[in-house]
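Working notes, structure below.
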Number of protein chains: 2
Amino acid sequence: MNALKMDTQEKIIKVAHEVFVEKGLQGARMQEIADRAGINKALLHYYFRSKDQLFDAVFQKVINEVLPDFAQTIRNVDDVPKLIFSFVSFYNQFFQKNPQFPQFFFHEIWQNPDRIAHVILAEEIHPDRMLQNLRSRLPDVYPSEFLPQHMIANVMGMCLFPHIARPLFQRIFFQNDEKEYNRFLSERTDFLIQMLKGLGETHNPEMDVRPSDDF
Amino acid sequence: MNALKMDTQEKIIKVAHEVFVEKGLQGARMQEIADRAGINKALLHYYFRSKDQLFDAVFQKVINEVLPDFAQTIRNVDDVPKLIFSFVSFYNQFFQKNPQFPQFFFHEIWQNPDRIAHVILAEEIHPDRMLQNLRSRLPDVYPSEFLPQHMIANVMGMCLFPHIARPLFQRIFFQNDEKEYNRFLSERTDFLIQMLKGLGETHNPEMDVRPSDDF
DNA sequence: GTCTATATGGCGATAGAC
DNA sequence: GTCTATCGCCATATAGAC
């Protein structure tokens, strides 16, 4: 495994990633991957026996790049506001650098949820502890009769939506203006953090529910 | 076009919808659609000349079923809290009845955004008016230096996330317990509405003079 | 390691009988 | 309208020379 082979292999994974993201597993063509990598189909099968295995390699690499950072981001955070802050910052930054990741990821979520769950749970992420932590540290303003999972769904949903719905959302609410949408995404991190920062700071027992800018 | 033909045609669209939802346009097989419909491939091409046209028919039907209701839901709503209430109720109810719609829809968003945008804008939905209305009626608690699109992204994201991320989210945070997740989804409508209800109660009364615009 | 050439199979689509 | 049979193509995968 010399330097040349490494280069070719990495080149393949790089362009395969692009094609898989654009077309999905079924829509991707080995020919197109070979063309973009400047090689031929036979060489693809030399490095990765099959299309499926190539896809696995690509997906594994992507996951292994993002997940440790993410796990580190949410680990050892002892209060909810800080956790949210870290989460929002990390996610928005990551998605802006990898705009097509959500599409790629959600495709797999539906085609291969078991593998993804397995990969994720292999990391130092413990959902039960996370939930327990959330439940005990959620501020008084959070209605205790509701599951803490709602909080996770809220934050993740608000972070994800502009990216996963981008092609349509940009067309409808930004006249398909690429630059305007990027400005929207840029300011969104600040917006979310400012909107969420009050959470946990002011505990007013008289209020059942604080206004939505907490969330 | 007698009753028998109608039945066959509708049966095809019904099962085609299922297969397209499960596998996507590229992943779907005409053979599988024919099998599930209890007919053969040739008959598929008799009713719909090509796979693409079959897909168009399916997609158009889905859109035409949901969009008018949705447009009606958000039309003639004159204040933001009521709009959010209607939106959340409608969306959660719809998604619970059509759990795989988000997957289907988001696949198309990336493969064919223009067609979807065209279909949506053909309805009586006017994004510009909607934004203008939002901007003028957003309560004081909403930081005015931010775009009103954030509010839309927030509500949509929070509604969508549990459905579009379900296969993974259910595995990780609900031990893949189907019934528990359904209870989570059921209570989520109440949760979101209760969480969002404070929004707009503090807004400036001077802005309420205008009669309601269509969105 | 990289190539050309080819095998193999599957898929969309059509022809034509009934 | 519905079927059987088949065409033609294209994609994955392999064989084998260099």
Side-chain angles (χ1 to χ4, degrees), chain A residues 1-62 103-104 107-108 110-112 115, chain B residues 1-62 103-104 107-108 110-112 115:
Chain A
M1 193 183 291
N2 54 33
L4 241 182
K5 175 172 181 181
M6 286 297 293
D7 281 356
T8 302
Q9 190 157 334
E10 284 173 7
K11 184 80 183 292
I12 291 175
I13 288 193
K14 181 178 173 295
V15 301
H17 179 214
E18 295 171 12
V19 177
F20 282 135
V21 158
E22 289 172 25
K23 311 289 175 65
L25 173 57
Q26 308 280 351
R29 297 288 159 245
M30 295 294 269
Q31 185 63 60
E32 184 171 1
I33 295 172
D35 289 345
R36 291 203 203 177
I39 58 172
N40 55 43
K41 283 187 295 178
L43 208 54
L44 285 183
H45 289 86
Y46 172 78
Y47 283 102
F48 310 89
R49 283 183 58 84
S50 70
K51 190 185 184 182
D52 273 338
Q53 287 190 36
L54 172 56
F55 186 86
D56 281 354
V58 169
F59 188 76
Q60 198 74 28
K61 179 160 178 282
V62 172
Q103 183 203 6
F104 183 47
H107 181 85
E108 279 319 288
W110 288 87
Q111 298 301 323
N112 242 318
R115 177 169 55 189
Chain B
M1 192 182 296
N2 55 32
L4 241 183
K5 176 172 178 181
M6 287 298 292
D7 283 356
T8 303
Q9 192 158 332
E10 284 172 7
K11 185 79 184 294
I12 291 175
I13 288 194
K14 182 179 172 295
V15 301
H17 179 212
E18 294 171 13
V19 177
F20 281 136
V21 158
E22 291 172 22
K23 311 289 175 66
L25 173 56
Q26 308 278 353
R29 297 287 158 246
M30 296 295 269
Q31 185 63 59
E32 184 172 2
I33 294 172
D35 289 344
R36 292 204 203 177
I39 57 172
N40 54 44
K41 279 190 298 177
L43 209 53
L44 285 184
H45 288 87
Y46 172 78
Y47 283 102
F48 309 89
R49 285 182 57 85
S50 69
K51 190 184 186 184
D52 272 338
Q53 287 189 37
L54 174 55
F55 186 87
D56 280 354
V58 170
F59 188 76
Q60 197 74 30
K61 179 162 177 282
V62 172
Q103 183 203 6
F104 183 47
H107 182 86
E108 279 319 289
W110 287 87
Q111 297 302 323
N112 243 317
R115 177 169 55 188

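As rounded to whole Å, 15 Å separates atom P of C:dG10 from atom NZ of B:K23. With rounding to whole Å, A:Q53 atom CD is found 12 Å from D:dA13 atom C1'. Regarding B:R49, its CZ atom lies at a distance of 10 Å from the C1' atom of C:dA13, rounded to whole Å. We find that NZ of B:K41 is positioned 13 Å from P of D:dT6, with the value rounded to whole Å. A straight line from CD of B:Q26 to C1' of C:dG10 spans 15 Å, rounded to a whole angstrom. Atom-to-atom, NZ of A:K51 to P of C:dG9 comes out at 18 Å; the value is rounded to the nearest Å. Rounded to an integer number of Å, the gap from A:L54 CG to D:dT12 P is 10 Å. Atom CG of B:L44 and atom P of C:dT14 are 13 Å apart (whole Å).
Looking at the side chain of A:L43, the nearest of the listed nucleotides C:dT14, C:dC3, D:dA13 is C:dC3. With distances taken from any side-chain atom of A:M30 to the nucleotides D:dC3, C:dA13, D:dA13, the minimum falls on D:dA13.
For the pair A:N40 and C:dT2, the criterion of a side-chain N or O lying under 4.0 Å from OP1 or OP2 is not met. Here A:T8 reaches the OP1 or OP2 of C:dT2: one of its side-chain N or O atoms lies under 4.0 Å away. Taking only side-chain nitrogens and oxygens, B:H45 never comes nearer than 4.0 Å to OP1 or OP2 of C:dT14. The side chain of A:R29 places no N or O atom within less than 4.0 Å of a non-bridging phosphate oxygen (OP1 or OP2) of D:dC10. Taking 4.0 angstrom as the limit, A:Y46 places none of its side-chain polar atoms (N or O) nearer than this to OP1 or OP2 of D:dA13.
Counting non-hydrogen atoms under 4.0 angstrom, A:A28 reaches the backbone sugars and phosphates but no base.
Between B:I13 and B:V58, the closest heavy-atom pair is O-CG2, 3.9 Å. Annotation for B:K51 and B:R29: closest pair NZ-NH1, 3.9 Å, computed over non-hydrogen atoms.
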Inset, instruction - Please step through ring-ring contact (aromatic ring centres under 6.0 Å, His included) for the pair B:F59 and B:F104, ending with a clear verdict. - result: CA-CA 9 Å; B:F59 188 76; B:F104 183 47; 5.7 Å; yes
Legend entry - Step-by-step side-chain contact (heavy atoms from CB on, under 4.5 Å) determination, B:F55 to B:E108: CA-CA 11 Å; B:F55 186 87; B:E108 279 319 289; 3.2 Å; yes
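For the atom pair OH of A:Y46 and CD of A:Q9, the computed distance is 9.5 Å after rounding to the nearest 0.5 Å.
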